[in-house]
Amino acid sequence: MSLPGHVSHLVVGAGFAGVCTAIKLAEDGETDFAVIEQASDVGGTWRDNTYPGACCDVPSQLYSLSFAPNPEWSSSYSPQPEIQAYLQKVAREAGILDRFHFDTPMTDARWDDAAQVWRVSTPSGEVTATTLTNCSGGLSAPRLPDIEGLDGFAGEIFHSARWDHDADLTGKRVAVIGTGASAIQIVPEVQKVAGHLDVYQRSAPWVIPRNDRTYSRLERVALRHLPALRRLYRAGIYWSHEGYVPAFTWQPRLAAPAEKAALANLRKGIKDPALRAKATPHFRLGCKRVLRSNTYYPALAADNTDLVTDPIAGVTTDAIVTADGVEHPVDVIVVATGFHTTDLPIAEHIVGREGRSLAQVWADGGMAAYKGTTVHGFPNLFLVVGPNTGQGHTSMVFIIESQVAYLRDAIRAMRAHGLAQVEPRADAQARWNADVQKRMRRTVWNTGGCSSWYLDEHGRNTVLWPKSTVTFRRQLASFDPEAYDVRPAAAGRRGAEVSA
Ligand code: NAP
């Protein structure tokens, strides 16, 4: 199917956010929209992250769209293939896939102020759109470490989000660089098959037990046939996770019981005191993402695993060299060093009203938006999972649905009032961000004694939301035109199409 020349609404990305946006636009009777996706399927991060052990560390009942419950989850924390299959099924059953253009990356997007449209370039041609919704995700661009010699490594090397399934790790000497959420799921799986495993740790994470269990047939039948029970169950999970908010955003000492549970998990998994000391975190729980695993510590303690804490000095053709001068021979390197989060590559390709890209605008003060969703200087641009919308304790799907509700209300307001252009005012955006950053000062992310990917080069946390998700949802419940500069469509211009 060829890309249309113009649509009222263009959505970029087909993960949870893109699928949710498309379903809700269709539900609102919007008939003129398209979704472009650089890969050849829906799924986003759940399509890309196929590493062994890939699993969600947020309970599945909550990590699903509220309007598309899935009573068939096999266990409380679903493995990646189930989440990917869920998203495919939801998109298919909603009947929206004919709107999706796969293998169609957005290479450039420029606001055309005269025509009041976004001009979006793709390898399949240009499409103009009245609104542009970026759903390309905050964890989609792998970050490779800047390690000398990495390019010259002669063995197999790949990022956790680009797993090479042709690489056979059986009996090999494998190195995993990183000890974040991806690495702690990978390490136990690799340890089972590798001849030898070196885990390169820069800082030890907090790892709490993962209370995973398989749902019985009876439970699944009950969840399928008793929607009230399903809703109650989901609400229970939601509120139990929300219970972390005071500890993370207000009084980090409240996380002491969770720290105790994590240290008990460490003692249970690792008996050797020297190894345990190396694996003990030195910052407050919550400062980085809290990890959940029952198998990570036992894998570190296994005979074929070494936890390497000396910094990596460089890589030769067949070894990793640490700062103490030791050469660690290796056949396969798994780079589990995370993603570009505060320097999103897509920001370089979205150019606003004044001819500057989002990346240029954000270069000085860091990423910033109004309500994490709209940006001054970028009319009719909506960012789902935008600045300061991230969560360290609960499901991003809740945030995505809140932002999509705001987008829908903005489109309704544009239609109702014949507006071709909405752009948050600079003062409204500045006030919003001043409040967010003021609230940030007390959070564990800023005071917990760690440096994390939540903080940008200026030390500002431009990734996470420092209040409860209830507050987020309430604040985005309806579009607020008083915070916006709005313009009607110029006579005969494309933009008028939104005010049909
Ligand atoms: P990450 O949390 O950013 O972890 C990257 C790891 O690599 C950290 O341990 C980091 O050390 C280390 N590292 C980075 N650069 C390094 C270098 N030059 N040398 C040595 N070590 C280096 O990345 P991730 O594990 O891929 O997880 C990213 C996010 O994805 C998570 O926070 C989470 O939001 C999401 N995720 C979710 C799930 C889930 O189950 N829902 C699973 C996987 C990922 P430092 O800690 O010292 O910086």
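For clarity, every value in this text was computed on a predicted model and none was experimentally measured.
- When side chains are defined from C-beta on, V42 does not count as touching V90, because their heavy atoms never get closer than 4.5 Å.
- Annotation: cation-pi pair K288/F283 present, NZ/CZ under 6.0 Å from the ring centroid and within 45° of its normal.
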task = Dump the intermediate steps for side chain to side chain donor-acceptor pair (under 3.5 Å) on E37 and H101, then the final yes or no.
result = CA-CA 6 Å; E37 160 61 50; H101 299 264; over 6 Å; no
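- No side-chain heavy atom of K260 sits under 4.5 Å from any side-chain heavy atom of L263.
- From R230, atom CZ reaches atom CG of N70 across 9.0 Å, with rounding to the nearest 0.5 Å.
- Taking the six-membered ring where the residue is Trp, the centroids of H165 and Y51 are separated by 6.0 Å or more.
- Considering only heavy atoms from C-beta on, Q403 stays 4.5 Å or farther from L383 through its side chain.
- Between T443 and P466 the shortest heavy-atom distance is CG2-CB, 4.1 Å.
- Salt bridge status for R213 with E219: present, with a side-chain N to carboxylate O gap under 4.0 Å.
- Listed here is the closest heavy atom pair of L381 and T374: O-CG2, 3.6 Å.
- Side-chain N/O atoms of H241 and Q391 include no donor and acceptor closer than 3.5 Å.
- Nearest heavy-atom pair, V463 versus W453, reported as atom, atom and distance to 0.1 Å: CG1-CZ3, 3.6 Å.
- The closest side-chain heavy-atom distance from V470 to Y238 is below 4.5 Å.
- Considering only heavy atoms from C-beta on, I96 stays 4.5 Å or farther from V35 through its side chain.
- Checked for salt-bridge contact, D198 and R173 miss the test: no charged N lies under 4.0 Å from a carboxylate O.
- Closest non-hydrogen pair, E242 versus P246, comes out as O-CD, 3.9 Å.
- Contact between L62 and R234 at its shortest, heavy atoms only, is O-NH1, 3.7 Å.
- Under the 4.0 Å criterion applied to side-chain N and carboxylate O atoms, E30 and R408 are not assigned as salt-bridge partners.
- A salt bridge between D57 and R289 is present, with a side-chain N of the basic residue lying under 4.0 Å from a carboxylate O of the acidic one.
- Within a 6.0 Å radius of CZ in R439, no more than 12 heavy atoms belonging to other residues, nucleotides or ligands are found.
- Ring pair W73/Y86 is tilted by interplanar angle, where 30° to 60° counts as tilted.
- A cation-pi arrangement, defined by a distance under 6.0 Å to the six-membered ring centre and an angle within 45 degrees of its axis, is present between R473 and F398.
- A cation-pi geometry, defined here as NZ or CZ lying under 6.0 Å from the six-membered ring centre and within 45° of its normal, does not hold between K371 and F479.
- Taking the side chain as every heavy atom from C-beta outward, Y296 and T179 approach each other to under 4.5 Å.
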Side chain to side chain donor-acceptor pair (under 3.5 Å) assessment of N304 paired with Q191 | CA-CA 7 Å; N304 63 337; Q191 180 272 325; 3.0 Å; yes
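- Here the side chains of V335 and P145 are in contact, with some heavy-atom distance below 4.5 Å.
- Other residues, nucleotides and ligands place no more than 12 heavy atoms under 6.0 Å from the CH2 atom of W250.
- H9 places a side-chain heavy atom less than 4.5 Å from the side chain of L25.
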| request: Starting from the C-alpha separation in whole Å, work towards a yes-or-no answer on salt bridge (Lys or Arg N to Asp or Glu O under 4.0 Å) for D343 and R143. | output: CA-CA 10 Å; D343 55 345; R143 179 189 284 282; 3.3 Å; yes
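- In the model, Q88 has a side-chain atom that pairs as donor or acceptor with a side-chain atom of D41 under 3.5 Å.
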**Report entry** Pair W445-W465, ring pair (Phe, Tyr, Trp, His ring centres under 6.0 Å): steps then yes or no
**Finding:** CA-CA 11 Å; W445 313 307; W465 170 244; over 10 Å; no
